[in-house]
Amino acid sequence: MQENGSKRENRNREKINFMIVDLRSDTVTRPTKEMLEAMFAAAVGDDVFNEDPTVNALEQKTAALFGKEAGLYCPSGTMTNQIAIKVHTQPGDEVICENTCHIYNYEGGGISFNSGAQAKLLAGDRGRLNARQVEENINASFDWLARTSLVSIENTCNRSGGSYYSLDGMKELGAVCRKHQLKYHLDGARIFNALVETGDSPKSVGTLFDSVSVCLSKGLGAPVGSVLLGDAEFIRKARRIRKVFGGGMRQAGYLAAAGIYALDNHVTRLKEDHRRAKTLAATLQSLPFVESMLPVDTNILIFTLSDKLKSEDLVAKLKTAGIISTGFGKQTIRFVTHLDFTEAMLEKTIQVLKAI
């Protein structure tokens with residue numbers, strides 16, 4: 001007997017009601033069936049001996065994409081960033097970065113703890129530095145001043161709502177770094193989110209920098225890992241620091257295979273995450289308890305609530321309805337769309353928000 005339309009509708013509604021939606025981060029994704037198959041089929045060896053063929057293939061593939069000589073697979077983006085800072089600086093040096101950047105705010109004080117360096121924090125345009133302000137903040141070579149040795153930028157900019165740099169902006173910063181013999185690092189935790197919006201090639205960006213960190217476990221949906229990129233000598237030094245930091249993995253090819261699959265299959269689909277983020281933003285902007293929202297450029301939504309509703313109360317109401325979110329500062333919430341945030345989940349989230 002065929003199920004009538006009302007019964008099907010009720011059944012679909014029940015499925016939506018029981019659906020758990022996780023908007024805390026794009027790090028919450030799980031491997032797809034096809035990615036798992038690639039992981040289980042991986043050829044492996046001992047990566048500390050540089051003998052894991054799948055890790056080597058991932059490093060070579062990512063390096064070639066970004067126009068770099070070599071790569072180094074690490075457990076996390078924090079590790080790749082911190083290794084880069086360690087290679088590029090000496091104790092007592094200064095790192096120029098934007099005041100909301102990940103390397104300063106979310107890496108456990110690693111700039112000072114790991115490298116004995118300090119950060120000079122500049123206020124950018126939604127997380128983005130410009131060439132003029134960097135040049136104005138390079139220390140003169142007096143004995144009593146820290147030696148400016150590194151400029152690090154983040155693309156996309158997490159705390160600024162997923163904003164991204166233009167290619168020209170990154171080129172101008174690079175020119176200042178070369179003029180003053182500074183190293184230039186890219187924290188590309190969500191670099192592919194930026195690239196699918198600008199249309200620039202990975203190589204056109206990668207060749208601007210002395211080092212690049214590419215995260216595989218955010219928008220690309222791999223379970224673990226980031227790849228640090230640079231010239232062969234930089235990566236030779238980085239390998240030793242990875243070992244010192246405890247990042248030398250053995251049969252890591254099972255994880256690296258997920259990264260290869262992600263690079264081959266999950267880049268262009270990032271546009272879907274961006275589309276859903278913009279759809280969700282349109283709903284949020286229409287709600288009486290949302291006071292303001294940062295522009296939504298990619299997959300991150302950051303919005304501020306009015307006094308009508310406390311942020312912790314909204315998080316609790318959403319959780320009761322099966323939607324997991326997190327506070328992101330005073331009266332501020334962050335949503336992040338991702339591989340596991342489906343069209344049905346978008347529909348549910350909109351329905352729940354409108355009902356609050």
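Quick note: numbers below take in every heavy atom, side chains included, and nothing from hydrogens, waters or symmetry partners.
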- salt_bridge(R242, D47) N-O dist < 4.0 Å: yes

- Query: If you round to the nearest 0.5 Å, how far is CE of M79 from SG of C74?
  - Reply: 6.0 Å

- Task: Give a yes or no on this: more than 12 heavy atoms of other residues, nucleotides or ligands lie within 6.0 Å of atom CZ of R269.
- Result: yes

- Query: Got more than 12 heavy atoms from elsewhere within 6.0 Å of CD, Q90?
  - Reply: no

- Message: According to ring pair (Phe, Tyr, Trp, His ring centres under 6.0 Å), does anything in residues 143-171 pair up with another residue at least two apart or in another chain? List the pairs.
- Response: F142-W144

- Message: When you compare the side chain of L36 with that of T32, does any pair of heavy atoms fall below 4.5 Å?
- Response: no

- Do F192 and F66 have ring centres separated by under 6.0 Å? yes

- Query: Salt-bridged, R250 to D52, with N to O below 4.0 Å?
  - Reply: no

Would you list the atom pairs, donor with acceptor, under 3.5 Å between side chains in residues 108-116 and any protein atom, with sequence neighbours excluded?
unit_1, atom_1, unit_2, atom_2, d
S112, OG, G109, O, 3.0
N114, ND2, Q82, OE1, 3.2
N114, ND2, G110, O, 3.4
S115, OG, K86, N, 3.4

- H266: partners by ring pair (Phe, Tyr, Trp, His ring centres under 6.0 Å), with sequence neighbours left out: Y261

- CG of D307: more than 12 outside heavy atoms within 6.0 angstrom? no

- Task: Using side chain to side chain contact (heavy atoms under 4.5 Å, CB included) as the criterion, point out the one residue from L270, N155, D297 that pairs with N193.
- Result: L270

- ring pair (Phe, Tyr, Trp, His ring centres under 6.0 Å) against H88, all qualifying residues, sequence neighbours excluded: F234

- Note: K271-E197 ion pair, threshold 4.0 Å (strictly below): yes

- Treat each ILVMFWY residue as a node, draw an edge where side-chain heavy atoms are under 4.5 Å apart, and state whether L287 and V296 are in one component. yes

- Indicate whether any N or O donor in one side chain lies under 3.5 Å from an N or O acceptor in the other, for T198 and D200. yes

- Query: In the hydrophobic clustering that connects Ile, Leu, Val, Met, Phe, Trp and Tyr at side-chain heavy-atom distances below 4.5 Å, which members other than V336 occupy its cluster, ordered by chain and number?
  - Reply: Y106, L294, I300, I302, F328

- Item | Whether N105 side chain and N99 backbone form a donor-acceptor pair below 3.5 Å | yes

- Message: Minimum heavy-atom separation for L182 and T148, please, with both atom names.
- Response: CD2-O, 3.2 Å

- Can K218 and N299 be counted as having a side-chain donor-acceptor contact under 3.5 angstrom? no

- Message: With side-chain contact (heavy atoms from CB on, under 4.5 Å) as the criterion, how do F303 and L305 come out once you've worked through the C-alpha distance, each side chain's angles and the decisive distance to 0.1 Å?
- Response: CA-CA 7 Å; F303 56 98; L305 304 179; 3.8 Å; yes

- Item | Worked check of side-chain contact (heavy atoms from CB on, under 4.5 Å) between V205 and M170 | CA-CA 8 Å; V205 171; M170 290 184 286; 3.8 Å; yes

- So do the side chains of I235 and E69 get within less than 4.5 Å of each other, counting heavy atoms only? no

- Is the closest side-chain donor-acceptor distance between H338 and T29 under 3.5 Å? no

- Under a 4.0 Å N-O cut-off, is there an ion pair linking E135 with K179? yes

- E94-N139 side chain donor-acceptor pair, cut-off 3.5 Å: yes

- Query: Tell me, do D26 and F341 make a side-chain contact under 4.5 Å, heavy atoms counted?
  - Reply: no

- Step-by-step side-chain contact (heavy atoms from CB on, under 4.5 Å) determination, N130 to D125: CA-CA 8 Å; N130 64 59; D125 168 28; over 6 Å; no

- Message: Through direct or indirect side-chain contacts below 4.5 angstrom among Ile, Leu, Val, Met, Phe, Trp and Tyr, which residues connect to V48?
- Response: none

- Exceeds 12 heavy-atom contacts within 6.0 angstrom, atom NZ of K278: yes

- Query: So, are R275 and E343 salt-bridged, with charged N and O less than 4.0 Å apart?
  - Reply: yes

